[in-house]
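We number each residue from 1, following the sequence as shown. Both ligands and their constituent atoms are indexed starting at 1 by order of listing.
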Amino acid sequence: MSSRQALASWKKLQQLAKDKKSQHMNTLFAQDSERFNKFSIELPNMLLDYSKNLIDSETMTALLALAEETKVCDWRAKMFAGEKINQTEDRAVLHTALRRPHDKPLIVDGENVTDQVQKQLGEMEVFVNKVRQGRWLGYSGKRITDIVNIGVGGSNLGPQMVTEALKQYSDGSVNVHYVSNVDGAQIVEVLRPLEPEKVLFIVSSKTFTTKETMTNARTAINWLTSASFDENSVAKHFVAVTANKENAMSFGIEEKNIFDMWDWVGGRFSLWSAIGLAIALDLGFDKFKELLSGAYDMDQHFINAPLKDNFPAILALISVWNTTFLGSQSQAILPYDQTLHMLTAYLQQAEMESNGKSVTWDGDEVDYATVPSIWGELGINGQHAFYQYLHQSNNVVPADFIGSVKSVTPVKGHHETLMSNFFAQTQALMTGVNEEQVRADLKAKGRTQDYIDKVAPHKVHKGNRPTNTILLKCINPRNLGSLIAAYEHKIFVQGIILQICSFDQWGVELGKGLAAEIQDELETNNISEQHDCSTASLLKFYQSAK
Ligand SMILES: O=P(O)(O)OC[C@H]1O[C@](O)(CO)[C@@H](O)[C@@H]1O
């Protein structure tokens, strides 16, 4: 038995889960009119209602005891202090240092990390202002109008998600584009309308070895140099963000155009670093700093609020409850604000690359469910696509509903329509409608008995489907920063409770290695006999059908 299963709180939660599976949230609400007050957290800029989960005070006490027994607070202190909690890579985990104000020193290994971060922020600000104010000129002396960020995974999803979310805050000084896919269709489409003399590329790659990014960057260099006769055009049109300066330089990017990344920033937590340059170029540096401040606000809340009132910790505990103890295998992220249309994709990487693992810190197999698979879509679009499944399938999918009180693009009648759906869906998922009610409704509508007998079972919604509601006061840089940081800390707490190494990603390596070998085989038309017969036949079919 793994050590987690031996904990008193774990055993208690297993027992409670057995009891809870036979209960309905409707009963819990009927028994306790204080449920919302007990199971919600209000912060200055957002609200979390987690009352629509299959919990009661006893469950929450046991979950909080689990957080105590697994020493979440001690690990939190270690992370913020820069201890090497990324055990398999022997690194600190300090994305929180990236949003620390200048007057809050953080000494790690004798160095003031805050000073290093502030120095880089200063360099970023100079660069951003130069580009936005038209003082960074392309090879023909023209100002830069378009930025193309080339990167994938954490070097793409965070910046692109934030750029999309805060579009309304951009003053249009530059247009920002993203290329992540190595499918040439994307880069060709992005570059087609652009003029090489006015484009600045940011090659974002922590390792500067990612094949997809290198291939796209090479294509971008060729596109630029075939348009320009200036041998210095790469220096005027390419910057890089990386922890691997040597590779960036041997790729042809000038040292002065390289922004550093520290090894203590994980790719999926890196939008606060120079990886966020495209955000800052789009919004201006003041708004980028507001994003950082919002994340810092959430860091402070996470550090200081008791766990029972702690937004990220509660999100994590509810997820552990629903997955590990109640057995849900997936979780939906359902933003109801168009601006957040990339949030689900972003959180897929953040949570699944962090905690989608099956051995503990000690390398033992975990014998409990860890994190769910994350999926979803803008809520309104989902309603007309997959909500049928959420309401009536046999699989219970807990969901986070994320909305905003104010619209950044108010259009008469739209926001109330949107938000009435937002509120109605969590209510419907919880309350459901039983067969008796269905039959009574059909009867009241004058339906025949035959029709009622035929249709009634299909109209039953069992309800009892868990949801969290996160309601921001509005989507702005500060609030978005807080929201993202809340999920980062949720993921951290989940990892601690489940004994997962949240900050490595060994599971992506095998496929990368095989892809490199297969690419060689395809390029030399020499398919190895060592493949299994499925892969070998697919490769041969591909080669012969070309
Ligand atoms: O920034 P890099 O080094 O190009 O990596 C991009 C992404 O690839 C991954 O390593 C996964 O392959 C992610 O963890 C990372 O965010």
Below 30° counts as parallel, above 60° as perpendicular, anything between as tilted: where do the rings of Phe285 and Phe288 land?
tilted
What atoms of ligand 1 come closer than 4.0 angstrom to any heavy atom of Thr210?
2 (P), 3 (O), 4 (O), 5 (O)
Lys206 neighbourhood, listing ligand 1 atoms whose heavy-atom distance to it stays under 4.0 Å
1 (O), 2 (P), 3 (O)
Angle class for the Trp375/Tyr389 ring planes (parallel below 30°, perpendicular above 60°, tilted otherwise)?
perpendicular
Check: of Ser155, Gly158, Gly154, Gly507, min heavy-atom distance to atom 15 (C) of ligand 1 comes from Gly154
Gln505 contact mode with ligand 1 (heavy-atom cut-off under 4.0 Å)
side chain
Walk me through whether Gln329 and Asn395 qualify under side-chain contact (heavy atoms from CB on, under 4.5 Å).
CA-CA 8 Å; Gln329 293 185 352; Asn395 293 324; over 6 Å; no
Gln338 and Glu164: side chain to side chain donor-acceptor pair (under 3.5 Å), yes or no, with the steps?
CA-CA 9 Å; Gln338 180 66 27; Glu164 290 294 314; over 6 Å; no
Of all protein heavy atoms, the one nearest atom 6 (C) of ligand 1 is Val152 O, 3.2 Å
Can you figure out which of Met214, Arg268, Lys512 has its heavy atom closest to atom 8 (O) of ligand 1?
Lys512
Is the shortest heavy-atom distance from the side chain of Phe201 to the side chain of Trp223 under 4.5 Å?
yes
What are the atoms of ligand 1, with element, lying closer than 4.0 Å to any heavy atom of Glu353?
11 (C), 13 (C), 14 (O)
Would a line drawn from the ring center of His341 to the ring center of Tyr346 be shorter than 6.0 Å?
no
Ligand 1 versus Thr207, non-hydrogen atoms closer than 4.0 Å: side chain, backbone, both, neither?
both
